[in-house]
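Throughout, a chain's letter reflects where its sequence line sits, starting with A, and its residues are numbered from 1.
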Amino acid sequence: MNKGIIITLPRYEYAVDYLAVYSKSIIQEANKKNIKIKELNGKNANRKEFESFIRGLDYKMIVFNGHGSGDTISGHKGEPIIQVGVNDSLLKGRITYARSCWAANVLGKKCMENDQEGCFIGYTLRFMFYIDDKWRSNPHKDNIAPIFLEPSNLVPISLIKGNTSLEAHEKGKKQTLKAVKKVLRSGTKESFLFAEKLWNNYTSQVLIGNEFATL
Amino acid sequence: MNKEKSTPEAIKELVITKIEAQMPPHLKLSVGSYGTMSKEELIEHVQKDDVIGKQIVKAHLSFLKALASGEFAKAMVSVENE
């Protein structure tokens, strides 16, 4: 297995486009550390491309951005990119971070069965975030979405920085709590709504598999 | 038949009141593959008590439970000095 990252960046609708835009800091951190990163952008975020690159490059770390269900993570146009019983074995031995709803429930558990090396960090509930609708075509100008997305970025960024999977998982969770603290201290009328969704993301983020995995 | 229980009206009312009072009109909530939803759409789903509505209610109740049980306070203390 080679030191490197494959990141999926589907962009076919607003929610996934936001995930792609806010993945920029993950890509920048990898570049800064001279770690190879293969971006599967837009329509290239599909099963065929993913399988081809994971087999060819054999990179150790995978970051999924996309909608999920218990047993699937999708890519472009909501088509499954990784699915239990189809190609989940491709994740064995690797470090996976899935910013996708529910994928830790079945997919995360299944792909880590009998795996002493790899790990899966993901969510057991829906990953939720608010956006400011006036910036939906320019997500990078949105001041609301990063409240939710930046803490989650810290998981892959910590791994890139050399932390273990457990450290990265805990740093991501801690950053989410700090975001809760910040929104509550801001005292705006939406503070509690934000805190509630951040709490949802905090409680549902889990680490399955090897706690000492490093990139 | 494994049908999910209906949400009590009082709970639905509580969640709707919260959304109405706290969610500015320019915000939308990303609810995974169901898309991004406006305040009005969220309220409609809670009223209908459909899959999305139930999930909105569930997130709300989980947060309230964490507040009531002390779990939330404990978590906040862990980042108090950071």
TODO: Quick one: which of Tyr18(A), Trp199(A), Phe127(A), Phe148(A) has the most heavy-atom pairs under 4.5 Å with chain B, could you say?
DONE: Trp199(A)
Task: Asp133(A) side chain to His26(B) side chain, donor-acceptor N/O pair below 3.5 angstrom - done: no
Task: Residues in residues 183-194 of chain A near chain B [non-hydrogen atoms, under 4.5 Å] - done: Leu184(A), Lys189(A), Glu190(A), Phe192(A), Leu193(A), Phe194(A)
TODO: Calculate, to the nearest 0.5 Å, the distance between atoms CZ and CG belonging to Phe129(A) and Leu29(B) respectively.
DONE: 8.5 Å
Open item on the list: Need one label for Ala195(A): side chain, backbone, both or neither, based on atoms under 4.5 Å from any heavy atom in chain B.
Closed with: both
Open item on the list: Which one wins on heavy-atom pair count under 4.5 Å against chain B: Tyr14(A), Trp102(A), Trp135(A)?
Closed with: Trp102(A)
Task: Heavy-atom neighbours of Lys174(A) NZ exceed 12 at 6.0 Å - done: no
Task: Heavy-atom contact with chain A under 4.5 Å, split by part of Glu71(B) - done: both
TODO: Measure distances from Tyr202(A) to the heavy atoms of chain B and classify the residue's part below 4.5 Å as side chain, backbone, both or neither.
DONE: side chain
- [ ] Would you indicate whether Glu51(A), at its atom CD, is surrounded by more than 12 heavy atoms from other residues, nucleotides or ligands within a distance under 6.0 Å?
- [x] yes
TODO: Look at atom CG of Asn143(A) and say whether more than 12 heavy atoms of other residues, nucleotides or ligands are closer to it than 6.0 Å.
DONE: no
Task: Smallest separation among heavy atoms of Ala15(A) and Ser30(B), with atom names - done: CB-OG, 3.5 Å
Open item on the list: Are the side chains of Phe72(B) and Val180(A) in contact, using a 4.5 Å heavy-atom criterion?
Closed with: yes
Task: Greatest number of heavy atom pairs closer than 4.5 Å to chain B - which of Arg136(A), Lys173(A), Lys178(A), Lys134(A) - done: Lys178(A)
TODO: Quick one: which residue pairs count as a side chain to side chain donor-acceptor pair (under 3.5 Å) with a foot in residues 52-63 of chain B, not counting sequence neighbours?
DONE: Arg126(A)-Gln55(B), Glu196(A)-His60(B), Lys18(B)-His60(B), Asp49(B)-Lys54(B)
Task: For the student: nearest non-hydrogen atoms of Asp132(A) and Leu27(B), plus distance - done: CA-CD2, 4.1 Å
TODO: Could you tell me whether the side chain of Lys28(B) and the main chain of Tyr130(A) form a donor-acceptor pair under 3.5 Å?
DONE: no
Open item on the list: Is it the case that over 12 heavy atoms from other parts of the model lie below 6.0 angstrom from the NZ atom of Lys171(A)?
Closed with: no
Task: Contact class of Ile131(A) relative to chain B, heavy atoms under 4.5 angstrom - done: both
Task: Interchain contact, Lys197(A) with chain B, by part (heavy-atom threshold 4.5 Å) - done: side chain
Open item on the list: Looking only at heavy atoms and a cut-off of under 4.5 Å, which of Asp142(A), Leu177(A), Asn200(A) has the most pairs with chain B?
Closed with: Leu177(A)
